[in-house]
Protein chains: 2
Amino acid sequence: MRGTTIRDVARRAGVSIATVSRVQRGSAPVADDTRDRVAAAIEALRYVPNRLGRGLAERRHRAMGIVFPDLSGPYFSEVIGGFETAATDDDHGVMVLSTHGREAAADRVRDLASRVDGLLILGRTVPDEVIRDLHEAGRPIVLLARPPVGDTDAVRAENRATAARLALHLIDVHGHRRIAFLGDPDSSPDGAERWDGFVAAHRSRGLAGPDGPIRSLYRQAEGYAAARLALMAVDAREPPTALFCGNDEIALGTYRAATELHRRVGHDLAITGWDDIPTARYLAPALTTVRQPMRELGLWAARALFARIHGGGGPPRHEVLPTQVVLRASCGCATTPMQEEPER
Amino acid sequence: MRGTTIRDVARRAGVSIATVSRVQRGSAPVADDTRDRVAAAIEALRYVPNRLGRGLAERRHRAMGIVFPDLSGPYFSEVIGGFETAATDDDHGVMVLSTHGREAAADRVRDLASRVDGLLILGRTVPDEVIRDLHEAGRPIVLLARPPVGDTDAVRAENRATAARLALHLIDVHGHRRIAFLGDPDSSPDGAERWDGFVAAHRSRGLAGPDGPIRSLYRQAEGYAAARLALMAVDAREPPTALFCGNDEIALGTYRAATELHRRVGHDLAITGWDDIPTARYLAPALTTVRQPMRELGLWAARALFARIHGGGGPPRHEVLPTQVVLRASCGCATTPMQEEPER
DNA sequence: TTGTAAGCGTTATCAA
DNA sequence: TTGATAACGCTTACAA
């Protein structure tokens, strides 16, 4: 019942299993009438080759794995979507593993590695040691939004220069002098680089160094809390006139805090985000942010893995994809009519 | 290099491969000193059993598959997250396949089916015929947010009664008489049921049947466009005073349209959504919506698949998980302080 | 053009 | 308690 095998097909077509295999994958010439008979048998028996048998013989899984911290939020969805598209188009399956801070993550990653031909690892999900082990064991690995470990391949989006450019926009164009940074430079390389660029912008204008970052996880709830903290100005200092948020979700949270504290976003309070998630343009006012090529990150990673799986060696590939400031109304710029927003 | 096998370990430990296997999986008693020698060899060689070999012998993949239309939006992320959690906890891998309207979807689903022990299929991603074939071939399948095909297992969230309750809230509590439905009853069973409940609410109050739905895909851009259409009231009729949106993303789009058309959400325009995505509570005003147990849907599906894989037969299981109206300010109710929002 | 047979790396049955 | 050895389902030399 469960499992017509190549032998059943061979028997029915009156040929050897080798011939069935040849017909099935077109790997060698087969006489027309033989082919027809085999094809008919395959059709009649609804034969689908067993992937385990095939994989064992071919010594490959035809599958790739992806490790990410958590599926929530648009960023990971997009990256994974890009990865999945590229992998599927190349006839590979995609196995996912979410670590969400679990302790057993390392074991699970090793397990995943034994199920696939190549691995994409996002951010700080996996201890360096595990990555090093797998890499040294010869397993194709690409790191995303994370510095390379040894000579692994890695891809990330540009952060520092764009963060500086965005901060300078607030300083030069809109005249802000007290800008708070909401995020956590320590929690991810991306965050650290954005903070660096933010600080560099202040330096380059000879401004007093900005206050230390207001720590916030990259989620709405934490952004809301951080914004309240920043805007309430418990100490003597005046509250900031602008909030530079580590990502769009933090920015989303700050909108609510701003409303509650009677600050008008885009007028007496500037807010910027990062990622350009789909919601950003639909907020009122629309959110000024930075567009990251999220799908492209996933696509690049998948292609790099293919190159390793098929092509083999070569020097490590490191790629930095460009990012782009998207000015909308939340920083004080004129409102962009919805019609002029490019499709996405 | 790539691939220390069970034979390498056996040779090194001076035992047979059978004994290595026994030690490895604890499937049969092994003398203490033998066990130690084998364990040492495994450790020294960093031996990891090949999953293809193991799978072939065990005749199972220890993996489950999930088919969804698109990764974008919080709904699928959450469902998949729940599914992944349950599967991973039970030592199963998870393979994902996004159909996003691709033509070749059917073939890809069949391919996925050959890589896993069970399949979760979301919504209208796969033709009935393919589902029927796979089910009849004895492959464990669970359908989610989709009516069963034949006697497959299926799980969904309640729609009709809750939609009616929400519509009655707008009618009875806030006195609305012209409510527009934004969504597409034809595109998904969920949408159809919400529309049914919406209509039923009108009937039960003896109101004139509501206008036909304003067609909108379940995304922000389409919600924005649909809302403009609804509110501009090109024909002679007065525009609606409330928008009943098929999901939160549509609702998000309507906020922007409302702002542009100078309607104040929660005051002269009521808006409701569906799903209670994380952003819903951070909008200003916060969005009245319906909470779906998205993670639980995924969890239930994974458990049902396990039951089929391990336990085997039995009658089809159909589950309907409860949903819950969440009143916030966008329908005109009093604003809930952020502090009183339960964590999620 | 086709068939035979040797792997691929496990698990599990039978003997010893 | 251990070892041979037969599956598991497929691909692919090598022969014919």
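Remember, predicted model here, so these are calculated numbers, not experimental data.
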Quiz item: OP1, OP2 of D:dG9 versus side-chain N and O of A:Arg54: anything below 4.0 Å?
Solution: no
Quiz item: B:Glu58 CD to C:dA12 C1': how many Å, rounded?
Solution: 10 Å
Quiz item: For B:Arg59 and B:Asp32, take the nucleotide of DNA chain D holding the closest heavy atom to each; which residue's nucleotide lies nearer the 5' end?
Solution: B:Asp32
Quiz prompt | Whole angstrom value for the distance that separates P of C:dC8 from CD1 of B:Ile17 | solution = 12 Å
Practice problem: State whether A:Thr19 places a side-chain N or O below 4.0 Å from either non-bridging phosphate oxygen (OP1 or OP2) of C:dG3. | Solution: yes
Quiz prompt | For atom CZ of A:Arg115 and atom P of C:dT10, their distance in whole Å | solution = 15 Å
Quiz item: Below 4.0 angstrom, N of the basic side chain to O of the carboxylate: do B:Asp133 and B:Arg110 qualify?
Solution: yes
Quiz item: Under 6.0 Å between the ring centres of B:His92 and B:Phe306?
Solution: yes
Self-check item: OP1 or OP2 of C:dT11 under 4.0 Å from side-chain N/O of B:Arg25
Solution: yes
Practice problem: Measure from the side-chain heavy atoms of B:Thr5 and tell me the nearest of C:dT10, D:dT11, D:dT1. | Solution: C:dT10
Exercise. Figure out the CZ/P separation between A:Arg60 and D:dC10, and round it to whole Å.
Key: 18 Å
Practice problem: Rounded to the nearest angstrom, tell me the gap between atom CD1 in B:Ile6 and atom C1' in D:dT2. | Solution: 14 Å
Exercise. Identify whether any heavy atom of A:Ala18 sits under 4.0 Å from a base atom; if not, whether one sits that close to sugar-phosphate; answer base, sugar-phosphate or nothing.
Key: base
Quiz item: Is A:Asp128 salt-bridged to A:Arg146, cutoff N-O under 4.0 Å?
Solution: yes
Self-check item: Salt bridge present between A:Glu136 and B:Arg46 (N-O < 4.0 angstrom)
Solution: no
Self-check item: Closest-nucleotide 5' rank along DNA chain C - winner of B:Arg22 and B:Leu52
Solution: B:Leu52
Self-check item: B:Ser16 vs D:dG3: side-chain N/O to OP1/OP2 distance below 4.0 Å
Solution: yes
Practice problem: Start with the C-alpha gap between A:His135 and A:Asp151, add the side-chain angles, then the distance that decides, and say whether side chain to side chain contact (heavy atoms under 4.5 Å, CB included) holds. | Solution: CA-CA 9 Å; A:His135 182 58; A:Asp151 57 349; 2.9 Å; yes
Quiz item: So does A:Ser21 get a side-chain nitrogen or oxygen closer than 4.0 Å to the phosphate oxygens (OP1/OP2) of D:dT11?
Solution: yes
Quiz item: Which one, D:dG9, C:dT1, D:dG3, comes nearest to the side chain of B:Val15?
Solution: D:dG3
Practice problem: Rounded off to whole Å, could you give me the CG-to-C1' distance for the B:Leu56 and C:dT11 pair? | Solution: 10 Å
Exercise. Take atom CZ of B:Arg62 and atom P of C:dG9, then tell me their distance rounded to the nearest Å.
Key: 20 Å
Exercise. Would you indicate what B:Val48 reaches in the nucleic acid, counting non-hydrogen atoms under 4.0 angstrom: base, sugar-phosphate, or nothing?
Key: sugar-phosphate
Exercise. Could you tell me the separation between the CD atom of B:Gln24 and the P atom of C:dT10, rounded to a whole number of Å?
Key: 9 Å
